[in-house]
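Read the structure below first, then the notes.
First the proteins, then the strands, lettered A, B, ... as listed; each starts at 1. Nothing here was measured: the structure is a model prediction, and the numbers come from that model.
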Amino acid sequence: MERYDYSSIEKKWQNYWEEHGTFKAETGSKKPKFYALVEFPYPSGAGMHVGHIKAYSGLEVVSRKRRLEGYNVLFPIGFDAYGLPTENTAVKTGVHPRLVTDNNIAKFTNQLKRVGFSFDWSRVIDTTDEKYYRWTQWIFLKMFENGLVFRDKTLVNYCPSCKVVLSNEDSQGGKCDICHSDIVQKTKEVWYLRITEYADKLLQGLDEVNYLPNIRLQQENWIGKSTGAFVNFTVKENGEQLRIYTTRPDTLYGVTFMVIAPEHPIIEKYRDSIANIDALDAYKAECAKKSEFERTQLVKDKTGVKIDGLTAINPVTEKEVPIYISDYVMMGYGTGAIMAVPAHDTRDYEFAKKFGIDIIEVIKGGDISKEAYTGDGEMINSGSLNGISNKKDAIAKMLDVLAEKGCGEKGVQYKMKDWAFNRQRYWGEPIPIVHCPKCGMVAVPYDELPLKLPPVENFQPGTDGESPLAKIDEFVNCKCPKCGGDAKRETDTMPQWAGSSWYFLRYCDPDNDQAFASQEALKYWMPVDWYNGGMEHVTRHMIYSRFWHRFLYDMGEVPCDEPYAKRTAQGLVLGPDGEKMSKSKGNVVDPNDVVDQYGADVLRVYVLFMGDYEQAAPWSETSMKGCKRFLDRVWALREKLIDGDEYRPETVSLMHKTIKKVTEDIEAMKFNTAIAAMMSLINEIYSIGSINKAEMKTLLILLNPFAPHITEEMYSSIFGAILSEQEWVKYDEKLCIDSTIEVAVQVNGKIKAKINIPAEAEQDEVLGLAKADGAVAAALDGKNIVKEIYVKGRLVNIVVK
RNA sequence: GCGGGUGUGGCGGAAUUGGCAGACGCGCCAGACUUAGGAUCUGGUGUCCCCGACGUGCAGGUUCAAGUCCUGUCACCCGCACCA
């Protein structure tokens, strides 16, 4: 019998599917719809690695199964092509980013097609296509119109190597997300999107969707809602109200000092009345010099300076407390000022110890001579709060006190900050705003979109944080759309996250030039039924895109508030050395090499069989050979094929059990055990020595989503029909049960024997059979039976003394 | 520091949620077929002092029964990080 010639057979079926539009989604079809979404790739020069293949294979299998189950499936793919790596390559090689991108997309497309993914290739999108980014700009202008876009001169995260301002999300840990250089803080006027306005909606929306628990938790933590109180402290010398935020208003009686951020404006306002202003300036300068690393990693030692000339008055005790500046208080969270309660806050405690400040205990339960006590307990030294025994009641009481005195109220804070929405680089969507000396910031009219990225010769960034676009006079100089006078265009471009914030909407109607997508298409397809991607996108792309989508919902532009009904995440594919795959480590596996050597079906089966889908697992070529053996054994079954329209008695329960297992495991993303079940089935069929047509048909359909090429080939040659047009197989729960089953017999919890019993046997009968077994009888000999347990279909345990 | 996760053979990993630990695959061992095998097939493979006992990071506990539940503890991984 001929060997399985995967390279020609795979090509044959890929051509067939493409010619016949087998995977085309049909908007408006009467069939139930299923929208499966995978994160579209950033087409880098390195090409895809096998991690991409694993990421797409999960929903690929689900999508193919859904089609066989009669669904109209939308399983699209595209390219998120704006971004710095491409531009950096262009700068280095002198090749224009447009060409770099086109080459990379071609490379990725080739790789994806060779694996045989059932994407609807008629809906491919490219975020750098002007037909696409026209609508990215359109949504931006809608936000601008609705007050969600603003400019602000603030301290920003700046990457000196990439020469761009980064969002908080892109500069986690003080490192640039793109080049991993140290971030510096810089004052700059930049664009922001008011995502904080949606903080509560983004949080509440999590109740409506089905995300994996850890994904939900990460988003909740990222939004970081905290409830507490704002309290105003009066500055004795000038009557200024110094406003603080605290989550522990119950400890107000324990306040012995205050701390404000070094950049707090009150210092500038009263610089003339501060005696030690030189010392404060010196401290401030020192803090500005510190890198993010020093500020966050070397937190052991508290530093600070007491302000000589400003004293605060505690609004509830009327006592005077000193004010310090210290860099452990940040301007970016709360009000940039805190009330310090050393007895019950670890940081305040350290600070107080170092500076010799009083520590007043207001909650019983700890030993404040040793450390701060942050637990719950009875209130003491706290006026009208004394005797209250828990935090919740104490906070409620204190809020009443504050309200009565009119010096504070309940408040809410979020860790999430507004989204720094700009790049000073070439390869991004131009921000469609004109700066007019008379009218200020004016939106480019909608009918002038897209505002095209002009062709340039030199896309090197400027040295002063200016975009390369600033050097192009024809682009910059323009007329104000409002007054017609001379004006200048904004030269910043959007960050790389812009295009991906709404791409799932475009897939619904990718060629529309009247709207980002028609209402009809959006109503039909949205929301995404199942979205799978990497954990690394849970706090950035996911939050950003939920924000854009919720905004569009509020504008009446999309039919549902949450874009993704369900979200899962796959684990990484590690290199053979167990390390994360990276070019520098030289442990990257190219899917094309695997397809060349083993075929696409082997690659597909292996990435899903290598381990728990959600867990990271190292690549192993020898392990993959097991998957090749499996498919070779499936191919070789053609030699063992016999006639038969029904499962044979010796296979019937195995067939039904396998269908059940594979059907359920695919839905639970337990692809490894689904494949294992099919391997077991094959092993059993080999030991029987033959397979009939009914069994073959079922096997091929079950295996098809995983290994579509080999199964299509076998199906068409055996049954003369196209597998992709068949129906998913069904199982009967009643037939999953064998007529006789094996149960273990334990005596005092130790296995003594295994006996075969009729599946329907009742306890008495089973116990009788168990005791009749020689080994069991021997173990029972001369003992008193204390208890007898039969777990139906599993085991018998006889307890003796 | 806080939050989350993981810990099972030589390796990747299973275990119907309290019921036969190690499914399936890799690797390894033996045999068959071969001029040959890094191909294929068959059988074996947790450990040990192998008629028995011990085994799911470690120490206790609950239970007829614990990888699974409870208490304590260690190690590693991921995320956030002076968030007031």
Using a cut-off of less than 4.0 Å, is there contact between a side-chain N or O of [X] and OP1 or OP2 of [N]?
X         : N      : result
Lys670(A) : A15(B) : yes
Asn683(A) : G25(B) : yes
Arg633(A) : U40(B) : no
Arg216(A) : G4(B)  : no
Arg629(A) : U40(B) : yes
Tyr245(A) : A84(B) : no

Tell me which nucleotide among [options] gets nearest to the side chain of [X].
X         : options                : result
Gln615(A) : G5(B), C64(B), G3(B)   : G5(B)
Lys302(A) : G12(B), C24(B), C82(B) : C82(B)
Phe609(A) : A21(B), C26(B), G12(B) : G12(B)
Tyr328(A) : A65(B), C82(B), C20(B) : C82(B)
Arg794(A) : U16(B), C24(B), C20(B) : U16(B)
Asp612(A) : A14(B), G4(B), C82(B)  : A14(B)
Asn672(A) : C82(B), C41(B), G13(B) : G13(B)
Met330(A) : C24(B), A84(B), C20(B) : A84(B)
Glu742(A) : C20(B), C64(B), A14(B) : C20(B)
Ala676(A) : G25(B), C82(B), A23(B) : A23(B)

Go ahead and name the base partner of [N]; Watson-Crick or wobble counts if both distances stay under 3.5 Å, otherwise write none.
N      : result
G52(B) : C48(B)
G7(B)  : C74(B)
G38(B) : none
G67(B) : none
G1(B)  : C80(B)

Considering every strand and a 4.0 Å limit on heavy-atom distances, what is the contact class for [X]: base, sugar-phosphate, or nothing?
X         : value
Glu788(A) : nothing
Lys625(A) : nothing
Ile789(A) : base
Ala616(A) : sugar-phosphate
Ser620(A) : nothing
Ile751(A) : sugar-phosphate

U45(B) glycosidic conformation (syn if within 90° of 0, otherwise anti) is anti

The answer to which of Leu217(A) and Asn797(A) contacts RNA chain B further toward the 5' end, by nearest nucleotide, is Leu217(A)

TODO: Count the heavy atoms of every other residue, nucleotide or ligand shown that sit under 6.0 Å from NZ of Lys792(A), and state whether that count exceeds 12.
DONE: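 Above 12, so yes.
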
| What class does the angle between the rings of Phe355(A) and Phe351(A) fall in, given that below 30° is parallel, 30 to 60° is tilted and above 60° is perpendicular? |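 Parallel, since the angle between the ring planes stays under 30°.
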
